[in-house]
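So that the names make sense, note that chain A is the first sequence line, chain B the second, and so on, each numbered from 1.
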Amino acid sequence: MPEALLDDLNPQQRRAVTAGDGQVLVLAGPGSGKTRVLTRRLAYLITERNIPGYGIIAVTFTNRAARVMEERVKDLIPNPLPEYQVDSIWLGTFHAMCARLLRRESNYLPYKSNFVIFDSDDQESLIKRAIRELNIDDKTHRPGAIHASISAAKNDLLLPEDMPVRTYRDEVVKRVYTRYQQMLAANNAVDFDDLLMVATRLLQEQPGVAERYARRFQHVLVDEFQDTNLAQYELLKQLCSYHKNIFVVGDEDQSIYRWRGADYRNVQRFESDFKGCEVILLEQNYRSTQNVLDAARQVIDRNRNRTPKHLFTARGTGGKLVQYTAVDDLAEAAYVVDTITQYLSSGRAKASDFAVMYRTNAQSRLIEEAMMHARLPYRLVGALRFYGRREVKDMIAFLRLVENPSDEVSLLRVIGVPPRGIGEKTITALQSAAFRAGSSMGEVLLDLGRRGEDSPHWAEMGRSAPVLADFGAMLSDWVALREQTSLVNLFDRIINDSGYEKYINDQTEEGNDRWDNIQELRRLAYDYLEKGLTEFLQNLALVSDQDTLPAESDQPSKAQQGAVTLLTLHAAKGLEFNQVFILGLDEGLLPHSRSRDDPEEMAEERRLFYVGMTRAKNQLYLVRSERRSNYGSWEYSEPSRFLADIDENLVISQGKRTSSRRETLFSDMRWSTTGVSTTNYKPQPRKVELPDTKYKPGMRVRSAAWGEGLVLESKVDSDGEETVDVHFESVGFKRVLASLANLVIIQ
DNA sequence: CCACTCATTTTTTTT
DNA sequence: AAATGAGTGG
């Protein structure tokens, strides 16, 4: 047995890793080595218990977690054993594992095995169409709200016909849900929730299928078990129903997806469903200082209905938490940037040591702007960073249409992109033609494209026929090309044939950005030359926000000292950072106002804060702001109730606790004027002048971001960091760090 | 049919 | 403040 497998584990971890057959529940506090236990357990099963990878399924919630596990397990398995033992494990997210299962078993289902996966935008637009088709008013019944109800039903494994009808709204939801499912089937598409619901119901309703998988999977392992919903829980029970070996790791205190149907009580349900299961508590924390842990515990201990835990660490007391109160949200951002800059210029920390966390994505904008202003490198996890961009979604829609011409959502998205003379009238005509022919718009288009005037649809379409046939011919070419050439060639042909480049790249800065995004997507396609279009599309649909983070093995690039990470509290789960800022500790934001009236929701806000706090290894900053601008007007708030739960001995307070009237007036004058604020943060390195600057006043320089400019002044601080003031022709005055800005001297 | 203007609206978190 | 959606003129 490789010593490394168990050597550096504490007794509880070791007990978990080497547990025998049966059911094991590992309650793992934050930073207690949960991932380590899971990966060692996998390696242990393969090397010591001789379980073939083929007989193991391990589920996670993000692709990133799956990837990290895979890499670490490969490192743990000694060389003589072939890597395929790891590759043959079913290792991935719930959604990816369900998709795999559904594609294999599609003959039992109303889908073809190359079904596409609709993301939330697609879902919403389909629901909207269903609502309109049923002549329901989409003002009183918002598509988003209906969507939420349908999603909740699916997470509870309810088909349309299972929906109880108590109110008029229930009835509306039921009708829309029914129609929506028909439309999905007609599009050969499933949505996120279907992946779980359909897979689970398939196993429940087809005992033969269930048995095949249950026999195959000798061991079932689950990460983040507290975030499972009913569908996922049932799925797991089906999968382990033969061998009855299930190993779950979770922490009730970190359950933060209630709104997605997750139920932390599944942890307790597990104990009662599997009487006599082994329960292992991991309480030693290897991440944070005791001060951070104590503060976090004071916050979480106010929740009821949980297994009490006593986290401890060998890492020492550590520094106190810092609580900062800013006058407004701009000052809040300035405080963060200011603090980080001070660390960086003193050389005591690198950018990747820091994370900035917030409750809502909207909060990221100000921070981003402040970061850019200060020339601090940052990376934004999630949000609309890439896959949500219009141009990316357009390209994906083209590709999906090639994969599956019946995909009406994608068809409607791109049929007029770029504009080609196809408008509402034409689309309606096309729709009814498809309806009459008992096929789909895509099929009609293809027919028009292939047979032209000979097509029975030609006359039907009147004077729209030529444009439709053109588009159909183009689509038909692509469909044929898909078989003959590589994914990247197909990609290029679509761009060329459709004239998409000219359409989005108007040579403005934004146009170039959009084009860059397309190129980035093209680069991603290279990874799927072997695997093909179907898998490319599936992975595009199932990427999560966290997946944009590099796995730990990918070190930050050589030149850069990494970047500050900006992310929501939700996206922060499972990660850790040396120094963590949590922003917006205000009533109404954290806890969020929508949770105010529901104790369960409030408890979840508390857990969310707890998750954020326990990400910090060494230093935790709790930041709030007395007012912030929201929808264009000021919103004032009280300090978050969570702040009051932390013992003041653990905290140093900075910033104005109460601002005097004069300060308020003053800041009004500073911030409320429209236009560019003159008081935006600017880094102020210590003014110890050293003679040798690389850039001298009067030099002309060029920067990648801003073009040409004139150096006004340059100084080097005691750490050898050179700060240059430049007047750029494009954007005017900027103060930049020479090491980051990469200025080229022109003359 | 399309591009532009004006009015209306923003539901926290995400696979 | 910004982004979407409806309505209008070309």
| Of the options A:T534, A:N404, A:N188, which is the one that meets A:N114 in a side-chain hydrogen bond (donor to acceptor under 3.5 Å, both in side chains)? | A:N188

| request: Would you mind telling me which of B:dT13, B:dT10, C:dA2 lies closest to the side-chain atoms of A:R365? | output: C:dA2

| query | Nearest of C:dA3, B:dT12, B:dT14 to any side-chain atom of A:T360? | reply | B:dT12

| field | Any donor-acceptor N/O pair under 3.5 Å between B:dT13 base and A:R359 side chain | value | yes

| message | Looking at the base of B:dT15, is there any donor atom on it, or on the side chain of A:R260, that sits under 3.5 Å from an acceptor on the other one? | response |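 No, no donor-acceptor pair under 3.5 Å.
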
| query | Is there a side-chain contact between A:V336 and A:L583 (heavy atoms, below 4.5 Å)? | reply | yes

| query | Less than 4.5 Å apart, any side-chain heavy atom of A:E535 and any of A:N539? | reply |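 Yes - at least one pair of side-chain heavy atoms lies under 4.5 Å apart.
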
In this structure, how many angstroms lie between the [atom2] atom of [N] and the [atom1] atom of [X], rounded?
{"X": "A:E635", "N": "B:dT12", "atom1": "CD", "atom2": "P", "answer": "12 Å"}
{"X": "A:K154", "N": "B:dT15", "atom1": "NZ", "atom2": "C1'", "answer": "13 Å"}
{"X": "A:N361", "N": "C:dA3", "atom1": "CG", "atom2": "C1'", "answer": "16 Å"}
{"X": "A:K139", "N": "B:dT10", "atom1": "NZ", "atom2": "P", "answer": "9 Å"}
{"X": "A:M602", "N": "B:dT13", "atom1": "CE", "atom2": "C1'", "answer": "15 Å"}
{"X": "A:W259", "N": "B:dT14", "atom1": "CH2", "atom2": "P", "answer": "6 Å"}
{"X": "A:K393", "N": "C:dT4", "atom1": "NZ", "atom2": "P", "answer": "12 Å"}
{"X": "A:H95", "N": "B:dT14", "atom1": "NE2", "atom2": "C1'", "answer": "9 Å"}

| Between A:Y180 and A:Y177, is the gap from one ring center to the other below 6.0 Å? |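 Not close enough - the centres of the two rings lie 6.0 Å or further apart.
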
| query | Under 6.0 Å between ring centres, would you say that holds for A:H570 and A:Y257? | reply |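 Ring centroids of A:H570 and A:Y257 are less than 6.0 Å from each other.
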
| task | Could you work out the separation of C:dT4 and B:dT13 based on their P atoms and round it to a whole Å? | result | 15 Å

If you look at every strand shown and take non-hydrogen atoms under 4.0 Å, does [X] touch a base, only sugar-phosphate, or nothing?
{"X": "A:K128", "value": "sugar-phosphate"}
{"X": "A:A145", "value": "base"}
{"X": "A:Q232", "value": "nothing"}

| message | Under the rule for side-chain contact (heavy atoms from CB on, under 4.5 Å), what residues qualify as partners of A:D598, not counting sequence neighbours? | response | A:R258, A:E600, A:E601

| query | For A:Y257 and B:dT13, are the ring centres under 5.5 Å apart with planes inclined under 30°? | reply | no

| said: Which label fits A:F192 and A:H95: parallel for a plane angle under 30°, tilted from 30 to 60°, or perpendicular past 60°? | reply: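 Ring orientation of A:F192 relative to A:H95: perpendicular.
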
| query | Where along nucleotides 1-7 of chain B does protein come under 4.0 Å, by heavy atom, of base (B) or sugar-phosphate alone (S), with - for untouched nucleotides? | reply | SSS----

| query | Taking only N and O in the side chain of A:S629, is any of them less than 4.0 Å away from OP1 or OP2 of C:dA1? | reply |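 For A:S629, the contact criterion (side-chain N or O under 4.0 Å from OP1 or OP2 of C:dA1) is not met.
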
| Can you tell me if the side-chain N/O atoms of A:N630 get under 4.0 Å from OP1 or OP2 in C:dA1? |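 Answer is no, no contact under 4.0 Å.
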
| said: Quick check on DNA chain B: between A:T93 and A:R594, whose nearest nucleotide comes earlier from the 5' end? | reply: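 Here A:R594 is the residue nearer the 5' end.
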
| query | So with a 6.0 Å cut-off around NZ of A:K425, is the heavy-atom count from everything else above 12? | reply |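 Result for NZ/A:K425: open.
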
